[in-house]
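Given the structure is predicted, the values throughout are model-derived calculations rather than measurements. Side chains are part of it too, since the values below use all heavy atoms of this structure and drop only hydrogens, waters and symmetry mates.
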Amino acid sequence: MCVGQGRVNQLGGVFINGRPLPNHTRLQIVEMAAAGVRPCVISRQLRVSHGCVSKILNRYQETGSIRPGVIGGSKARVSTPEVERRIEELRQESPGAYSWEIRDRLVKEGLCDKNNAPSISAISRFLKESAARAGGHKHSIDGILAGRRRDGRFHEGC
DNA sequence: AGCGTGACGGTTGAC
DNA sequence: TAGTCAACCGTCACG
């Protein structure tokens, strides 16, 4: 509480790191752009970085909304009970299986498709938790995902 | 000069 | 309850 995290950017504008711009500022950006004002002018006038103006306008074009995305929370873990059950089964069938192998199986078996299949880390986590629940039957899935960086910043080339 | 893009440091909130 | 982690944020710097 009592945030007080206001910082000043190169243009002299105040922003809170990690938090979206206030709604009225976002609205102003799209309104000015709609009125034909150039992004660089918007950026200077509102004292918002041009990268941000570009981002917000881009998003507005794509979604038709000025609102920021949903911040925080984690992706649903392993989507359905059915999928969870299948993962348990696969684990019992082949305890040494890698998370990606299990994921592959789920997709192949049609329990989920490529786009909505649980992430590797979700599977790994689910396995860990279910192993713990089952009474500490631990196998070394840990660390398989070690290379995964947050935010996908690490552009791992598949 | 203006713009697009990616790295970066940060916050949030479901799990 | 506290910790983890993947989503998002805006700024900055580079091409």
Side-chain angles (χ1 to χ4, degrees), chain A residues 1-88 91 98-100 102-103 106 112-134 136 138-158:
Chain A
M1 47 187 95
C2 212
V3 191
Q5 289 273 3
R7 299 191 188 188
V8 178
N9 62 23
Q10 288 178 333
L11 299 167
V14 178
F15 71 100
I16 300 170
N17 200 8
R19 303 295 300 138
L21 285 175
N23 220 45
H24 68 266
T25 307
R26 308 176 78 91
L27 191 63
Q28 264 184 300
I29 290 173
V30 295
E31 275 178 350
M32 288 172 80
V37 182
R38 307 186 67 181
C40 57
V41 177
I42 298 174
S43 159
R44 277 194 295 259
Q45 265 190 20
L46 300 182
R47 299 187 179 192
V48 171
S49 67
H50 89 265
C52 178
V53 171
S54 159
K55 236 187 219 178
I56 287 174
L57 291 178
N58 237 316
R59 177 190 291 265
Y60 180 67
Q61 269 186 351
E62 281 173 13
T63 67
S65 166
I66 62 161
R67 301 183 53 173
V70 178
I71 303 174
S74 50
K75 249 182 164 176
R77 288 178 167 188
V78 179
S79 30
T80 65
E82 200 183 340
V83 172
E84 290 187 8
R85 212 177 317 125
R86 187 59 189 141
I87 292 174
E88 288 261 28
R91 182 180 64 98
Y98 291 108
S99 299
W100 62 264
I102 290 175
R103 186 175 194 262
L106 291 173
C112 36
D113 64 60
K114 228 176 162 183
N115 296 321
N116 72 3
S119 66
I120 308 283
S121 66
I123 293 173
S124 154
R125 182 158 158 171
F126 175 75
L127 288 175
K128 259 195 267 181
E129 285 174 2
S130 85
R133 249 180 286 136
K138 187 176 161 79
H139 46 66
S140 54
I141 290 182
D142 311 26
I144 289 175
L145 308 163
R148 180 121 187 145
R149 294 286 297 133
R150 67 192 283 257
D151 208 10
R153 264 179 223 156
F154 182 67
H155 289 261
E156 75 276 24
C158 265

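Counting only heavy atoms from C-beta outward, the side chains of A:Gln45 and A:Gln28 never approach each other to under 4.5 Å. Contact of the A:Val37 side chain with the A:Glu31 side chain is not registered, since no non-hydrogen atoms from C-beta on lie closer than 4.5 Å. When side chains are defined from C-beta on, A:Asn23 counts as touching A:Arg26, because their heavy atoms get closer than 4.5 Å. Counting heavy atoms from C-beta outward, A:Val53 and A:Leu57 have side chains that approach closer than 4.5 Å.
Between A:Asn9 and A:Ser49, the shortest heavy-atom distance links the atoms ND2-N, 4.2 Å. Nearest heavy-atom pair, A:Ile66 versus A:Tyr60, reported as atom, atom and distance to 0.1 Å: CG2-CD1, 3.8 Å.
Listed nucleotides: C:dG10, C:dC12, B:dT11. Nearest to the side chain of A:Phe15: C:dG10. Comparing atom distances between the A:Asn17 side chain and each of C:dC12, C:dA7, B:dG9 picks out B:dG9 as nearest.
Applying a 4.0 Å cut-off to non-hydrogen atoms, the residues of residues 46-58 of chain A that approach DNA chain C are A:Val48, A:Ser49, A:His50, A:Gly51, A:Cys52, A:Lys55, listed by residue number. Contacts of residues 29-41 of chain A with DNA chain C (heavy atom under 4.0 Å): none.
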Given A:Val14 and A:Arg47, is the side chain to side chain contact (heavy atoms under 4.5 Å, CB included) satisfied, shown in steps? CA-CA 8 Å; A:Val14 178; A:Arg47 299 187 179 192; over 6 Å; no

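Between A:Leu11 atom CG and C:dC12 atom P the separation is 8 Å, expressed in whole Å. Put simply, CZ on A:Arg67 is 17 Å from P on B:dT12, counting in whole angstrom units. If you take CD1 of A:Ile42 and C1' of B:dC3, they are 13 Å apart, rounded to a whole angstrom. In this structure, A:Arg7 atom CZ and C:dC9 atom P are separated by 17 Å, rounded to whole Å. A:Glu62 places its CD atom 12 Å from the P atom of B:dG4, with the value rounded to the nearest Å. As rounded to whole Å, 10 Å separates atom P of C:dG10 from atom CZ of A:Arg19.
Proximity of A:Arg26 to the phosphate of C:dG10: a side-chain N or O atom is located under 4.0 Å from OP1 or OP2. Taking 4.0 angstrom as the limit, A:Gln10 places a side-chain polar atom (N or O) nearer than this to OP1 or OP2 of C:dA13. Dashed line: the shortest gap from a side-chain N or O of A:Arg44 to OP1 or OP2 of B:dA1 is not under 4.0 Å. Close to C:dT11, at under 4.0 Å from its OP1 or OP2, lies a side-chain N or O of A:Asn9.
A side chain to side chain contact (heavy atoms under 4.5 Å, CB included) with A:Val48 is found for one member of A:Leu11, A:Ile56, A:Leu21, A:Ile42 and no other, namely A:Leu21.
Using a 4.0 Å heavy-atom cutoff across all strands shown, A:Arg59 reaches sugar-phosphate atoms only and no base atom.
Summarising the geometry, atom NE2 belonging to A:His50 is positioned 12.5 Å from atom CZ belonging to A:Arg38; distances are rounded to the nearest 0.5 Å.
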